[in-house]
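Convention: sequence-line order gives letters A, B, ...; per-chain numbering from 1.
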Number of protein chains: 2
Amino acid sequence: MGRTAIDLDADEIVDAALVILREQGLDAVSMRTVSGALGVSPVPLYRRVGTKDDLLAAMLQRLLSGVAPRRRTGEAWQAYARRWTVALLGALESTRDLRRLVGARQDDTAREPFVEASRPLVDGLRDAGFATDEAVQATRLLIWATVGHVMVGAGRTDTAAPANGRGANGRVANGRARRRPGGDPARLSRREADALFRVHVDYVLDGIERAHEGGTP
Amino acid sequence: MGRTAIDLDADEIVDAALVILREQGLDAVSMRTVSGALGVSPVPLYRRVGTKDDLLAAMLQRLLSGVAPRRRTGEAWQAYARRWTVALLGALESTRDLRRLVGARQDDTAREPFVEASRPLVDGLRDAGFATDEAVQATRLLIWATVGHVMVGAGRTDTAAPANGRGANGRVANGRARRRPGGDPARLSRREADALFRVHVDYVLDGIERAHEGGTP
DNA sequence: ACCTGAACACCGTTCAAGT
DNA sequence: ACCTGAACACCGTTCAAGT
């Protein structure tokens, strides 16, 4: 009844993997589960997307492609940069197990998807009078600020259920996790963390602006 | 010949795991290899350090504990903050597979080790007249800047050998990795990335300084 | 009480047959 | 050519015996 393995293309595989990621978390994404969802054996995946590592890279790429919002006519570069950054943050935070996905890559191509996603911002900055390398560097700072926030930012108290792939064991780290009794001042709510993120972005934008004005002959 | 399993404590286990991490990479760190290196079965590890996830957390904690440099008498807070940030970056960059280690945690405690490591900086800022939450927030920004840089920063061209745990397969991602022919302007050398990282830190410090001066009654 | 050996239910990846 | 089934060499974690 129609569908044979030969119809498969890489995009479908990535799609299937993202569905599993969303519904069951990263631990549930395996070459077997993904191929199973597509009704094939794991082998064809190696022809279409390469290694599992490559699959993870493609998933991240897909997640970040198209995050850049459209520029508005007459919009100041600062405003667009802010919107771009918020959009990137939103895409990252809405992805289950995103932190682990970003960290998972074995090689050094972890930033490739971010570079792709930032192309419109680079273009926007250049249109605003930035030199190419100036625009690229400014974009990098914003990426770093965003990724750092996501990787080590406030915990998401709204993400229910542990959902740890293999058999729930309620075990808790013993011994070494000495938590301050007096209440740790470094614990931020999601709202506070978001506000602080915007502060970070503003500081970076201020710095970029000053350097731009001072550095352009 | 003394050594029985009962001598084991959590620190030794973390040490052994870190040796394997350094020498063979994160893929080689398993409950079996770590326990094997210690001459025990995997079971005792679960009593001492908990899950593999807990072990990874403890490894990161260890790696970051003691990164904070000592404060110098009469040192301006900006100077100390800069040194602290560079020390953190150094610790992160010198750790094999660090990106994957940071990303590996399943729960939301990924930032705990960073909070621990930043305690001296928070203290330093408070001694310089910052309110506690002001100091904590400033520290967070610096952590985000550093972690973002590490997670998605320039590739390390100096880290030789792929060393991908299970049987070298030289396979290359096929198809989807369309690399710009014209030379990607977003490709930075290590030196450039380091310089840009310092720029980022300076921007953040500038912002913190201005907010501090403007916000203190 | 706390160990070990064996087991369970998985992995990523490859290979020999099949069509 | 390109698939499938089976296999290889692992995983994390748990459990029944042992001492």
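The nearest heavy atom of DNA chain D to A/Val43 and to A/Arg32 marks one nucleotide each, and the one closer to the 5' end goes with A/Val43.
The separation between B/Asp54 atom CG and D/dG12 atom P is 13 Å, rounded to whole Å. Taking atom CD of A/Gln24 as the reference point, atom C1' of C/dC10 lies 14 Å away to the nearest angstrom. The CD1-P distance, from A/Ile13 to D/dC3, rounds to 9 Å in whole Å. The nearest whole Å value for the distance from the CG atom in B/Leu55 to the P atom in D/dC11 is 14 Å. Spacing between atom CG of B/Leu45 and atom P of D/dG12 amounts to 10 Å, rounded to whole angstrom units. In this structure, A/Met31 places its CE atom 7 Å from C1' of C/dG12, rounding to the nearest Å. Between A/Leu56 atom CG and C/dT13 atom P the separation is 10 Å, expressed in whole Å. The CG-P distance, from A/Asp27 to D/dG12, rounds to 12 Å in whole Å.
One finds no salt bridge joining B/Arg140 and A/Glu192 here, because no Lys/Arg side-chain nitrogen approaches an Asp/Glu carboxylate oxygen to under 4.0 Å. With salt bridges taken as basic N to acidic carboxylate O contacts below 4.0 Å, none links B/Asp9 and B/Arg48.
Contact detail for A/Leu26 and A/Asp97: the closest heavy-atom pair is N-OD2, 2.7 Å.
Side chain of A/Lys52, nearest nucleotide from D/dT13, C/dT13, D/dG12: C/dT13. With D/dT13, D/dC3, C/dT13 as the candidates, the nucleotide lying closest to the side chain of A/Pro42 is C/dT13. Checking C/dC3, D/dG12, C/dT13 against every side-chain atom of B/Val40, the shortest atom distance belongs to C/dC3.
Under a 3.5 Å cut-off, the side chain of A/Asp202 and the backbone N or O of A/Val199 do not form any donor-acceptor pair. Looking at B/Asp127, its side chain never comes within 3.5 Å of a backbone N or O of B/Gly124 through a donor-acceptor pair. In terms of modelled atom types and a separation under 3.5 Å, the side chain of A/Arg96 and the main chain of A/Glu23 share a donor-acceptor contact.
Ring geometry for B/Trp77 against B/Phe130 counts as perpendicular: the plane angle is over 60°, on a 0 to 90° scale with 30° as the lower cut.
By the 4.5 Å heavy-atom criterion applied to side chains, A/Thr85 and A/Leu89 are not counted as neighbours.
Residue B/Thr51 places no side-chain N or O under 4.0 Å from the OP1 or OP2 atom of D/dG12. Taking side-chain N and O atoms only, B/Arg47 has no distance below 4.0 Å to OP1 or OP2 of C/dT4. At D/dC10, none of the side-chain N or O atoms of B/Ser30 fall inside 4.0 Å of OP1 or OP2 (strictly under the cut-off).
Base contact: A/Ser41 has a heavy atom under 4.0 Å from a base atom. Across all strands shown, A/Thr33 has heavy atoms under 4.0 Å from sugar-phosphate atoms exclusively, and none from any base.
Spacing of P atoms, D/dA9 relative to C/dA9, comes out at 22 Å, to the nearest Å.
In DNA chain D, consecutive stretches of 3 or more Watson-Crick or G-U wobble pairs with both distances under 3.5 Å are given as paired ranges: C:4-8 with D:12-16, C:12-16 with D:4-8.
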